[in-house]
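Structure record follows, encoded as structure tokens.
Atom set for the values below is all heavy atoms of this structure, side chains included, hydrogens, waters and symmetry mates excluded. We count residues from 1, following the sequence as given. Everything numeric in this text was worked out from a predicted model, so none of it was measured.
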Amino acid sequence: MDIKRVAIDAVNETIVMTVVHMDYKGQVAKRINEKMPLAQVKGFRKGAVPKDLVEKQYGRAIKQEEIKKVVDLALERYIQSERLNLLGTPLPKVNEDLDWSAEELVFEFEIGLVPSFELDLDAKNEIVKYVVTADDKLIEGQVARIQKQFGNAIPQEVVEATSDIKGVFTNEAEGIGNTTTISLDVFKDKATADKFIGKKVGDVVTVNTKGLFEDDHQLMDYLKVGHDNVHDLAIDVDFVIEEITVSEPAELNQELFDKLFGEGKVASLEELKGKIKEDAESQFAQQADQKLLGDVTEFLIENTKFDLPAEFLKKWLQTVGEKKLTPEEAEVEYARSEKGLRFQLIEGKALSQNDIKITFEDLKEFTARNIRVQMAQFGQTNPTDEEVQGIVARVLSNQDEVKRLSDQVVAEKLLELFKEKANPTTKEVTYEEFIAASYGE
């Protein structure tokens with residue numbers, strides 16, 4: 001057998017395989033002999049069919065099966081021996097005129113190669129690493145929310161200016177049906193708030209989403225509208241009133257502090273504000289890290305240039321999956337996934353270039369850390385190592401969880417690498433400023 005590669009360009013090649021009779025004749029003869037005791041041909045007893053008739057009836061199919069086995073095995077070994085780094089899997093070129101009786105049979109396979117490229121993490125950029133602070137306005141607002149949350153809800157007959165209103169925002173055509181609780185001060189215009197005054201349980205108030213709130217992103221919270229849809233959304237939604245209450249704020253006393261944080265951990269309003277600031281800024285830091293990771297990702301995708309075997313991948317996409325894609329569907333799928341593929345290659349390059357490896361110990365440590373955080377959220381602040389490791393073992397016995405957590409470990413290591421190498425500019429902002437920067441407003 002002869003195997004060679006024919007280069008088309010830097011990322012596209014053809015593997016050409018020439019198979020001769022010697023490559024498969026022994027296995028074909030063995031299969032024919034195995035078939036003889038089982039062969040059934042009219043006019044002959046089972047097992048007494050002459051060999052030439054068995055070959056005539058079954059030989060062509062057996063030959064094709066054995067040649068395919070030989071080709072598949074040789075192709076797999078060749079890819080391994082040549083250490084080819086492929087995108088997708090080899091695609092056989094269809095030869096409708098192949099003469100299976102020929103002494104030499106030629107098979108061709110298209111392959112797409114992982115491109116070679118340089119990755120410059122130190123490239124000049126305008127990426128900002130945000131340090132988000134909790135300002136007095138945010139802290140005071142959170143104190144008020146805590147007092148309201150733990151206060152007494154007193155039922156009311158009709159909506160007043162200070163009422164809390166539980167109900168459902170609906171728009172069937174847009175698939176909106178979200179239960180939420182609102183207060184009238186969330187609306188941007190007083191005219192909108194006035195529509196609710198005097199309404200009762202069961203009443204329906206219709207409002208338009210255009211300019212409904214001070215910040216369009218609040219539509220994501222109250223109506224569960226996706227971010228891509230909130231800007232310039234202008235549709236009517238009905239709010240069906242289910243419950244009307246007024247809140248009597250809870251007193252800021254030791255009983256409330258203990259309920260929030262555990263006995264004796266917070267003993268004054270100033271300590272409460274300090275705890276709110278600490279917790280908020282910890283959450284903001286995670287959001288800022290995600291933005292940094294996203295910004296560096298976008299920068300690297302835009303500024304790291306390499307060719308992909310696009311036409312090969314579009315053809316390959318037509319062959320994978322339970323449902324075979326049409327050329328048009330494959331074109332759409334490739335356009336949808338190209339950016340992700342590019343970053344996957346960049347990610348791999350960044351890890352290998354900086355000799356970063358993900359070990360099972362890394363995965364266990366990351367999982368244990370997450371579990372401790374989750375347990376703390378439910379009041380279990382001091383779990384034993386044995387308890388945590390038992391949960392880790394159960395979590396990591398699920399392969400889907402292993403994949404999900406492995407991706408998170410990679411993202412964490414990349415984030416630390418990017419902080420070190422990408423040299424972002426550090427900027428301290430309030431949360432409102434951070435949101436404006438995140439969504440380009």
Side-chain angles (χ1 to χ4, degrees), residues 1-28 30-31 62-100 102-119 304-325 327 330 333-334 337-353 355-358 399 402-403 406-407 410:
M1 180 184 295
D2 177 63
I3 306 179
K4 61 184 179 182
R5 282 156 50 204
V6 179
I8 299 170
D9 55 38
V11 291
N12 290 278
E13 292 186 354
T14 300
I15 295 176
V16 181
M17 187 180 304
T18 304
V19 180
V20 297
H21 188 58
M22 292 293 294
D23 294 324
Y24 56 84
K25 72 172 186 177
Q27 193 60 27
V28 171
K30 179 182 176 183
R31 288 278 307 280
I62 289 174
K63 179 179 178 180
Q64 291 181 7
E65 288 173 9
E66 292 306 317
I67 291 174
K68 186 178 185 307
K69 290 179 186 177
V70 167
V71 168
D72 289 347
L73 181 60
L75 181 63
E76 180 183 345
R77 289 177 174 173
Y78 181 75
I79 290 170
Q80 291 175 349
S81 65
E82 293 291 302
R83 296 184 178 179
L84 298 181
N85 202 357
L86 304 184
L87 290 174
T89 53
L91 290 178
K93 287 188 175 181
V94 178
N95 182 359
E96 301 288 354
D97 300 322
L98 182 64
D99 181 5
W100 289 92
E103 179 60 29
E104 289 189 353
L105 297 171
V106 178
F107 299 91
E108 295 184 316
F109 296 86
E110 297 177 67
I111 57 173
L113 302 175
V114 170
S116 175
F117 60 92
E118 296 299 319
L119 181 62
T304 306
K305 303 300 182 185
F306 54 82
D307 292 327
L308 290 172
E311 295 309 312
F312 166 82
L313 289 172
K314 290 172 190 175
K315 282 196 272 186
W316 176 73
L317 284 169
Q318 295 175 50
T319 68
V320 295
E322 293 182 9
K323 178 182 177 295
K324 299 298 183 266
L325 301 183
E333 177 62 21
Y334 178 76
S337 58
E338 181 186 2
K339 181 180 280 191
L341 174 58
R342 286 185 178 276
F343 184 66
Q344 186 179 342
L345 296 174
I346 290 170
E347 178 183 84
K349 186 78 168 182
L351 294 174
S352 63
Q353 193 168 284
D355 197 28
I356 296 174
K357 297 179 175 63
I358 309 300
Q399 289 304 308
V402 169
K403 173 66 172 64
S406 295
D407 289 344
V410 169

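At least one cation-pi condition fails for Lys305 and Phe117: the charged atom is not both under 6.0 angstrom from the six-membered ring centre and inside a 45 degree cone around its axis.
Between Arg5 and Glu82 there is a salt bridge, since a side-chain N of the basic residue sits under 4.0 Å from a carboxylate O of the acidic one. Between Lys93 and Glu110 there is no salt bridge, since no side-chain nitrogen of the basic residue lies less than 4.0 Å from a carboxylate oxygen of the acidic one. Of the charged side-chain nitrogens involved, none lies within less than 4.0 Å of a carboxylate oxygen, so that Lys4 and Asp2 do not count as a salt-bridged pair. Comment: Glu65 does not engage Lys68 in a salt bridge, judged by the lack of any side-chain N to carboxylate O separation of less than 4.0 angstrom.
A distance of 9.5 Å separates CG in Leu105 from CD in Gln64, rounded to the nearest 0.5 Å. With values rounded to the nearest 0.5 angstrom, Glu66 atom CD is found 4.5 Å from Gln27 atom CD. A distance of 12.0 Å separates CG in Asp72 from CD1 in Ile67, rounded to the nearest 0.5 Å. One distance of note links CD1 of Ile3 with OG of Ser81; it measures 7.5 Å at 0.5 Å rounding. Taken from CD in Gln318 to CG in Leu325, the straight-line distance is 7.0 Å, to the nearest 0.5 Å. Atom NZ of residue Lys314 and atom CD of residue Glu311 lie 4.0 Å apart, to the nearest 0.5 angstrom.
The side-chain heavy atoms of Lys315 and Thr319, taken from C-beta on, include no pair separated by under 4.5 Å. Within the 4.5 Å cutoff, no side-chain heavy atoms of Val16 are placed close to those of Phe107. Considering only heavy atoms from C-beta on, Phe306 comes within 4.5 Å of Ile346 through its side chain. Using a 4.5 Å heavy-atom cutoff, the side chains of Pro90 and Ile111 are in contact. In this structure the side chain of Leu308 reaches within 4.5 angstrom of the side chain of Arg342, judged on heavy atoms. Within the 4.5 Å cutoff, no side-chain heavy atoms of Glu108 are placed close to those of Asn95. A 4.5 Å side-chain heavy-atom check between Val410 and Leu351 finds at least one atom pair inside the cut-off. Inter-residue side-chain proximity for Leu113 and Glu13 is flagged as met; some heavy-atom pair is nearer than 4.5 Å.
Listed here is the closest heavy atom pair of Ala330 and Leu317: O-CD1, 3.9 Å. Taking each heavy atom of Glu118 and Thr304 in turn, the nearest pair found is O-CG2, 3.7 Å. Across Leu87 and Leu341, no two heavy atoms sit closer than the pair CD2-CD1, 4.1 Å. Considering all non-hydrogen atoms of both residues, Gly88 and Trp316 come closest at CA-CE2, 3.5 Å. Residues Val20 and Glu104 share a closest heavy-atom pair of CG1-CG, 3.8 Å.
Asn12 places no side-chain N or O within donor-acceptor distance of the main-chain N or O of Asp9, the cut-off being under 3.5 Å.
Between Phe109 and the options Val71, Ile79, Thr89, Leu91, a side chain to side chain contact (heavy atoms under 4.5 Å, CB included) holds for only Val71.
Heavy atoms of other residues, nucleotides or ligands lying less than 6.0 angstrom from NZ of Lys324 number more than 12.
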Check the pair Leu84 / Ile15 against side chain to side chain contact (heavy atoms under 4.5 Å, CB included), numbers first and verdict last.
CA-CA 11 Å; Leu84 298 181; Ile15 295 176; 4.3 Å; yes
